[in-house]
Amino acid sequence: MPQAAPAIAPGEKPQHVYLVDGSGYIFRAFHALPPLTRPDGTPVGAVLGFTNMLMKLLDETDADHIAVIFDAARRNFRNEIYADYKGHRPEPPPELIPQFGLIHEATRAFNVPAIQMEGFEADDLIATYAEQAVAAGADVTIVSSDKDLMQLVNDKVRMFDPMKNRPIGAAEVMEKFGVTPDKVVDVQALAGDSIDNVPGVPGIGVKTAAELINTYGDLDTLLAKAGEIKQPKRRDNLIQNADKARISRDLVCLKRDVPVDVPLADFVRRKLDLTVLLDFLKTNEFRTTINRVQSRHGKSLAAQNLEAAPGKAPDVVTSPNLVTTNPAAVTAATTFAAPAAVDAVSVPFDPANYQLVQDIESLQLWVEAAMQAGQVVVDTETTSLQTQRADLVGISMALEPGRACYIPLGHGSGGDLLDAGEKPQQIPMDVALKTLKPLLEDPAVLKIGQNIKYDLCIFSTQGIKVAPVDDTMLISYVLEGGAHGHGMDELSELHLGHKPIAYSEVTGTGKAQITFDKVPLDKALAYAAEDADVTLRLHRLLKPRLLQEHLLTVYESIERPLIPAIAQMECVGVKIDAPELQRLSADFAGRMAELEREIRELAGIDFNIGSPKQLGEVLFDHLKLPGGKKGKTGAYATGADVLEELATTSGHPVPKKVLDWRQLSKLKSTYTDALQNEINPKTGRVHTSFALAATTTGRLSSSEPNLQNIPIRTEEGRKIRRAFIAEKGMKLLSVDYSQIELRLAAEMADIPALQEAFRKGEDIHALTASQVFGIPIEGMDPMVRRRAKAINFGIIYGISAFGLSQQLGIPQGEAKAYIEAYFKRYPGIREYMERTKDFARKHGYVTTLFGRRCYMPGIADKNPARRAFMERAAINAPLQGTAADIIKRAMARLPDALDRAGLKARMLLQVHDELLFEVPEAEVEATAALVKQVMEDAPKPAREISVPLIAETGVGNNWAEAH
DNA sequence: TTTCTCACG
DNA sequence: GACGTACGTGAGAAAC
């Protein structure tokens with residue numbers, strides 16, 4: 001904060017003079033800083049950057065004299081020397097123009113003189129005042145990064161780059177021009193400058209110019225001795241363009257004797273008027289800056305009514321609650337009108353516009369700009385794609401197409417282990433997160449991400465509950481689910497025609513792959529900022545389409561509220577009894593070894609039982625068992641169905657033993673062994689990842705590990721569920737929908753008889769059997785009921801005679817007769833199927849009860865088999881998809897519902913029609929009742945279903961017992 | 001990298 | 001009369 005007391009009185013001798021290049025700052029800030037507008041639409045990004053820079057400067061400097069110098073008119077004495085000087089310079093962008101005046105105002109608000117003079121550039125005024133200051137015995141600091149000012153550097157005059165926050169001395173000048181500061185003009189005269197339209201000598205750049213000047217001493221000597229130069233082209237160029245070089249020198253050489261009318265003595269530091277300053281900050285709504293002024297000067301000032309909410313230090317969170325608690329604010333943020341989508345495609349991708357944020361001031365600017373904008377793209381870079389193992393490495397943000405930044409936080413010294421290079425300059429992690437937290441948690445600022453669930457998890461481990469959020473991946477999924485994938489690279493190529501830098505391009509692949517913290521900052525910036533940029537553009541393109549295409553409700557009521565719920569589930573994870581898995585692995589291994597021994601003995605040959613190819617050859621060639629069909633690849637089919645058939649028809653013991661071996665092998669490798677490795681050492685639990693945009697129907701999928709296919713159907717497999725346990729004092733609660741898809745079929749195909757049966761709670765499979773086969777329900781043969789059950793399932797799958805015959809092991813003709821009988825009894829089902837297929841053919845998609853679209857590319861395929869396949873998928877998708885919508889609605893509501901009821905249960909897993917919870921023992925009954933209620937009421941209020949939905953509960957110490 | 005097989009709903 | 005099948009997933013091991 002600026003110190004109030006001036007060091008000396010006017011007229012006293014200056015010790016240290018600060019000359020701030022105001023004009024140069026505007027141009028540089030415009031490209032490097034986030035775009036920011038005042039509520040009235042005035043662009044103020046550069047103004048805020050300047051304000052904060054000046055404040056910091058005044059706070060930290062020991063200067064006793066200070067002034068900000070500006071350019072006056074565009075034409076000046078240099079145009080008399082060379083008419084085209086700066087002739088190529090385009091008009092400043094319109095957003096820049098109002099900021100010139102505002103920066104003057106800002107300067108005055110700090111009670112610092114703003115100097116400009118007709119006919120002279122700021123650089124000449126700076127040169128003149130620097131000369132005067134040195135003559136008066138003072139040190140001079142020029143605040144600018146303009147290379148044209150570097151000629152002024154000497155042991156009394158140095159520069160300071162306010163954008164990069166670093167001093168520029170003789171060493172930096174040498175780095176840039178290859179010569180000492182006093183020779184800079186000579187180099188510039190030779191090399192020229194295309195931006196300022198300084199001609200220079202053709203064919204000579206900075207490198208060659210420096211070499212020549214260092215050899216000959218100065219420009220005049222060089223031009224005089226130009227004939228000595230060996231390279232013919234260079235020699236001729238120098239001789240012919242000697243005049244141009246001299247003119248160029250006059251152009252770049254700064255005038256040090258401008259007849260200035262404000263004396264240096266007037267630059268003496270004056271007292272800060274806080275009222276004036278706060279008034280200015282308030283007018284421009286620089287909230288964070290106001291907060292900083294106030295926190296430094298107390299709250300006794302005029303602006304104290306302005307909201308001031310500095311972020312609290314992050315709490316350490318072990319049980320993150322990611323659920324938003326301010327629905328009103330969320331709505332406000334998400335209904336924020338999306339700006340025109342045109343820019344998203346028309347603005348070119350330019351990595352040069354991405355800013356590397358390495359100091360807190362720049363970060364403050366981005367935070368401020370994001371708060372003003374009301375929405376911001378946020379993307380995290382980490383050391384691992386698995387959230388639970390990932391450490392935060394950096395954060396990127398984007399505010400407008402082409403305007404993005406990357407904030408490195410956890411970058412190391414580089415890939416080479418032997419290279420003990422120093423760490424790059426970064427804002428300390430805790431400082432950056434403390435600065436970002438109020439933004440990320442601000443209910444009025446929408447945080448946009450691509451698969452933002454991932455970033456939510458990362459931030460939650462840092463104690464930051466990001467809300468509200470939007471997800472471009474999910475928006476795309478809602479718009480075009482089933483039509484294509486929804487990864488960022490794919491969406492970028494599809495919608496933006498731009499192929500982003502691949503992750504593997506910056507990290508490498510395979511053995512040489514490095515983690516992101518080892519990626520050099522320039523590469524990290526180009527990659528990470530581009531990701532944020534792409535995400536922002538996708539959001540601008542896709543978000544408005546939700547409303548236009550009547551899919552906003554699906555997104556808002558199903559997908560978006562699910563994000564925090566799923567993130568929470570993944571973070572919590574499920575407890576696994578590792579010793580139990582260990583025991584099972586050992587048990588399975590022993591029994592497999594025994595089976596292997598028996599199989600080899602019975603077959604009389606040693607072979608790899610796990611190899612389908614070898615197994616087929618052993619069974620059908622070596623043992624000459626009957627049958628043996630080769631598939632398209634020429635290998636014998638050895639699937640479970642084939643082996644079962646073989647076991648009964650041939651009577652040979654090997655097929656059965658192979659089946660047993662296979663089961664154990666599967667259970668061991670896929671479950672008992674693999675799950676142990678998935679236990680997170682930090683939490684002692686297994687954290688799956690639920691994919692929200694992976695399936696064509698709207699279902700979730702689970703991976704790494706897949707916890708949606710844990711065995712249950714066989715007794716051996718069921719043992720694995722015993723290893724899924726609850727924490728001490730807790731129980732596992734499983735609640736699943738009973739026959740939800742069949743109920744939905746009755747509802748959506750509108751079959752009154754089936755609806756009635758569900759309302760009465762009748763045995764639906766027995767009813768089907770009695771209706772189709774004309775058999776009374778009383779005393780029904782279980783086999784008959786089993787066939788009816790298979791038919792009912794077949795309906796859901798888009799029944800075919802072949803499929804049903806396979807399932808039941810009956811001739812295809814018989815299956816066909818069953819289907820005919822079923823359709824005759826329930827003609828509505830056939831009509832529904834035909835209707836659905838027609839709709840799919842006409843629109844290319846089908847819809848669920850809640851309006852979700854499931855695209856069916858290939859529904860009109862010329863290949864009849866593929867077409868039939870898509871038709872069956874089209875019949876299944878509305879049923880499977882509606883069931884998915886319903887359980888998603890329940891899941892989105894449950895965390896809040898449990899919270900409001902004061903229950904501590906945590907949702908752990910979703911398995912399509914089942915939810916698994918970990919519940920304190922004392923709350924089991926209340927939780928079960930609540931969950932059941934929420935699940936059964938999930939369609940409301942959007943849909944009223946005439947068939948009752950029933951959710952059944954089960955409780956136990958492990959998942960096997962709970963089911 | 002693709003295919004086969006099999007675990008779940 | 002083709003075509004080759006039940007719908008939707010993910011993972012491990014073998015084969016390519």
Side-chain angles (χ1 to χ4, degrees), chain A residues 482 607-616 631-643 658-659 661-675 677-678 688-691 694-714 716-718 720-721 736-742 745 790-808 812 815 819 836 846 854 856 861-881 883-884 887 909-915 959 963:
Chain A
F607 71 105
N608 181 358
I609 303 170
S611 158
K613 194 181 161 204
Q614 291 181 39
L615 176 65
K632 47 191 163 188
T633 51
Y636 288 112
T638 64
D641 50 339
V642 176
L643 295 185
V658 170
L659 280 168
W661 182 90
R662 274 213 184 139
Q663 183 187 22
L664 295 175
S665 165
K666 174 79 174 181
L667 295 177
K668 182 171 184 290
S669 68
T670 311
Y671 300 104
T672 55
D673 288 352
L675 273 176
N677 299 326
E678 296 285 354
T688 184
S689 169
F690 286 103
T695 70
T696 52
T697 57
R699 271 191 180 178
L700 303 180
S701 82
S702 154
S703 62
E704 292 177 318
N706 183 354
L707 294 185
Q708 288 182 322
N709 70 345
I710 302 304
I712 191 169
R713 290 172 186 172
T714 67
E716 287 301 329
R718 208 176 250 268
I720 289 162
R721 294 214 172 200
D736 69 307
Y737 285 110
S738 163
Q739 302 180 92
I740 185 167
E741 291 184 17
L742 207 49
I791 297 174
N792 280 334
F793 269 100
I795 298 302
I796 295 165
Y797 295 150
I799 202 158
S800 76
F802 180 88
L804 186 62
S805 72
Q806 287 289 298
Q807 183 65 31
L808 289 174
Q812 212 169 316
I819 295 168
T836 307
V846 291
C854 308
M856 297 282 147
D861 200 300
K862 271 184 282 182
N863 180 322
R866 277 204 287 271
R867 189 170 60 246
F869 185 79
M870 290 314 295
E871 284 174 353
R872 288 195 296 272
I875 290 165
N876 172 256
L879 301 170
Q880 194 183 107
I887 197 168
L909 296 175
Q910 186 248 47
V911 193
H912 309 308
D913 65 357
E914 171 193 2
L915 293 175
W959 201 1
H963 215 279

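Every chain is numbered from 1 and lettered A, B, ... according to where its sequence line falls, protein lines coming before strand lines. As a basis for the values below, the full set of heavy atoms in this structure was taken, side chains included, without hydrogen atoms, waters or symmetry mates.
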Inset, instruction - Indicate yes or no for a side-chain donor-acceptor contact from A:Thr688 to the backbone of A:Pro705 under 3.5 Å, with no hydrogens or angles considered. - result: yes

Legend entry - Nucleotide of C:dG8, C:dA6, C:dC16 approaching A:Ala790 most closely (side-chain heavy atoms): C:dA6

Legend entry - A:Arg699 (side chain) and B:dG9 (base): donor-acceptor pair under 3.5 Å: yes

Inset, instruction - Verify the contact: side-chain N or O of A:Lys862 to OP1 or OP2 of C:dC3, cut-off strictly under 4.0 Å; return yes or no. - result: no

Inset, instruction - Between A:Gln708 and A:Ala865, name the one whose nearest nucleotide on DNA chain C is closer to the 5' end. - result: A:Ala865

Legend entry - Under 3.5 Å: donor-acceptor pair, side chain of A:Gln614, backbone of A:Ile609: no

Inset, instruction - Name the nucleic acid region contacted by A:Ala640, choosing base, sugar-phosphate or nothing; use a 4.0 angstrom heavy-atom cut-off, strictly under. - result: sugar-phosphate

Inset, instruction - Quick one: label A:Ala868 by what it contacts on the DNA or RNA (base, sugar-phosphate, nothing), any heavy atom closer than 4.0 Å. - result: nothing

Inset, instruction - Determine the contact category for A:Gly639: base if any of its heavy atoms lies under 4.0 Å from a base atom, sugar-phosphate if only primed atoms, P, OP1 or OP2 are that close, otherwise nothing. - result: sugar-phosphate

Legend entry - Contact under 4.0 Å: A:Arg872 side-chain N or O vs C:dC7 OP1/OP2: yes

Legend entry - Between A:Gln806 and A:Gln812: side-chain donor-acceptor atoms closer than 3.5 Å: no

Inset, instruction - Report yes if a side-chain nitrogen or oxygen of A:Thr696 is closer than 4.0 Å to either non-bridging phosphate oxygen (OP1 or OP2) of C:dT9; otherwise report no. - result: yes

Inset, instruction - Check every strand shown and say whether A:Asp913 touches a base, only sugar-phosphate, or nothing at a heavy-atom separation below 4.0 Å. - result: sugar-phosphate

Inset, instruction - Just call it for A:Gln806: base, sugar-phosphate, or nothing, with non-hydrogen atoms closer than 4.0 Å on any strand. - result: nothing

Inset, instruction - Could you tell me whether A:Glu914 contacts a base, only the sugar-phosphate backbone, or nothing, with contacts defined as non-hydrogen atoms closer than 4.0 Å? - result: nothing

Legend entry - Sugar-phosphate, base or nothing in reach of A:Ile875, heavy atoms under 4.0 Å: nothing

Inset, instruction - Using a 4.0 Å heavy-atom cut-off across all strands, classify A:Asn608 as base, sugar-phosphate, or nothing. - result: sugar-phosphate

Legend entry - Contiguous pairing runs of three or more, Watson-Crick or G-U under 3.5 Å, that involve DNA chain C: B:1-9 with C:7-15

Inset, instruction - Under 4.0 Å between any heavy atoms, over every strand shown, what does A:Ala874 touch: base, sugar-phosphate, or nothing? Just pick one. - result: nothing

Legend entry - Any A:Arg713 side-chain nitrogen or oxygen under 4.0 Å from OP1 or OP2 of B:dG9: yes

Inset, instruction - Quick one: label A:Pro864 by what it contacts on the DNA or RNA (base, sugar-phosphate, nothing), any heavy atom closer than 4.0 Å. - result: base

